[in-house]
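In what follows, a single structure is set out as structure tokens and then discussed.
From a predicted model like this one, the values you see are computed outputs, not experimental measurements.
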Amino acid sequence: PPRSTLFPYTTLFRSLNAALCGLMFFVGCHGLLAWAEQTVASGVAAIALATIPLWIALIDFLLSRKDRPGRYSLAALVPGFVGVAVVAWQNIGAGRAGFVAIAALLLASLSWAVATILSRATSEDGSTTLLSGMQLSIGGIVLFAIAYLSGEFRDFAVSAVSSRSLEAVLYLTISGSVIGFAAYHWLLQNVPTPLVATYTFVNPVVAVALGVAVLGEPLSMATMAGALLVVASVVAMWGAENFAHSRAAPDAAADASRS
């Protein structure tokens, strides 16, 4: 079988990798996100999570040889992190978010980015469905254990669960988790990793809009400016990656024809 460019290929390694990624995807990212959103507006959380492709590009630049981004992609990182700094500064200064909560959100996005890169190391060597299932199961089991140990089940009653809540859980389980996560791993096999994470283009816009319309969350000029900087950064990085690959393709074809 093909070997990963970063790690040796073994069944044991793939299982350990899946376990670690499951923890980082769902405990390190979603767990921290759920905790932080108790005190942070959903739009601010989405803006912080929109930095995932920026973290991926930065890690690839530091650690990867095969997937290392070019200088234009790196330049595109700057406005994104400036945008996050603007949003964080404005919300902390206004007393709407604590420093620890903002740091937790950034750590959550970094956790997802690291897990994405680790998943890429084994996604090309096996079934994406199996890999997704292992990660979802491990992450879910650990989150369930954390919820139990922290006493969250003391006030839970099955009879209090509404049909609408059950429908929402089923939708998130099937569409958001099983189908969406399997598609995410398939994309890791077929699309450059920074581009896979550009689904975060849409998240801040939708989250900010829904937060204002449904939850009545405040919307400031600083939040709007920060969101635009983050989205512009990710779009610019996407364009830089596409440009780099379009230039590399003819060169690769020419080398192949000469050989």
Side-chain angles (χ1 to χ4, degrees), residues 6-7 16-37 40 42-64 67 69 73 76-77 80-81 83-84 87-88 100-123 128 131-143 146 172-173 175-189 191-207 227 230-231 233-234 237-238 241:
L6 293 179
F7 303 100
L16 292 174
N17 180 283
L20 177 60
C21 289
L23 292 174
M24 298 189 77
F25 275 131
F26 300 107
V27 181
C29 183
H30 287 308
L32 284 175
L33 174 63
W35 176 82
E37 282 196 304
V40 175
S42 58
V44 174
I47 292 168
L49 268 291
T51 61
I52 288 172
L54 310 184
W55 287 117
I56 290 174
L58 186 59
I59 295 168
D60 272 340
F61 175 77
L62 295 174
L63 300 179
S64 177
D67 300 290
S73 296
L77 299 178
F81 286 114
V84 171
V87 172
V100 175
I102 295 293
L105 289 171
L106 292 176
L107 185 59
S109 63
L110 177 60
S111 180
W112 185 279
V114 173
T116 296
I117 291 172
L118 290 175
S119 293
R120 185 181 63 197
T122 54
S123 62
T128 56
L131 184 63
S132 301
M134 291 172 68
Q135 293 176 352
L136 284 165
S137 299
I138 291 167
I141 289 169
V142 173
L143 281 175
I146 292 173
L172 289 172
T173 301
S175 299
S177 296
V178 177
I179 296 175
F181 204 58
Y184 188 73
H185 278 290
W186 181 87
L187 286 168
L188 286 176
Q189 288 183 322
V191 179
T193 310
L195 302 188
V196 175
T198 53
Y199 69 91
T200 54
F201 284 175
V202 183
N203 289 5
V205 178
V206 174
V230 171
V231 173
S233 181
V234 178
M237 189 181 65
W238 173 75
E241 288 291 315

Which pair of non-hydrogen atoms, one from Val178 and one from Leu136, has the smallest distance, and what is that distance?
CA-CD1, 4.2 Å
Show the nearest heavy-atom pair for residues Phe26 and Gly139, with the distance to one decimal.
CB-CA, 3.9 Å
Please report the shortest heavy-atom distance between Gly133 and Ser137, naming the atom on each side.
O-OG, 2.8 Å
List the steps and the verdict of side chain to side chain contact (heavy atoms under 4.5 Å, CB included) for Val100 and Trp35.
CA-CA 11 Å; Val100 175; Trp35 176 82; 3.8 Å; yes
Looking only at heavy atoms, the pair that brings Val40 and Ala101 closest together is CG2-CB, 3.5 Å
Kindly indicate, with the supporting measurements, whether the criterion side chain to side chain contact (heavy atoms under 4.5 Å, CB included) is fulfilled by Leu110 and Ile59.
CA-CA 10 Å; Leu110 177 60; Ile59 295 168; 3.9 Å; yes
Under the side-chain contact (heavy atoms from CB on, under 4.5 Å) test, which residues partner Leu20, sequence neighbours left out?
Met24, Leu118
Under the side chain to side chain donor-acceptor pair (under 3.5 Å) test, which residues partner Ser109, sequence neighbours left out?
Thr51, Trp55
When every non-hydrogen atom of Leu105 is compared with those of Ala48, the smallest separation belongs to CB-CB, 3.7 Å
Residue set satisfying side-chain contact (heavy atoms from CB on, under 4.5 Å) with Ser233, at least two apart, ordered chain then number -> Leu54, Pro79
Identify which one of Leu33, Val27, Leu32 satisfies the side-chain contact (heavy atoms from CB on, under 4.5 Å) criterion when paired with His30.
Leu33
Among residues at least two apart in sequence or on other chains, which ones pass side-chain contact (heavy atoms from CB on, under 4.5 Å) with Ile141?
none
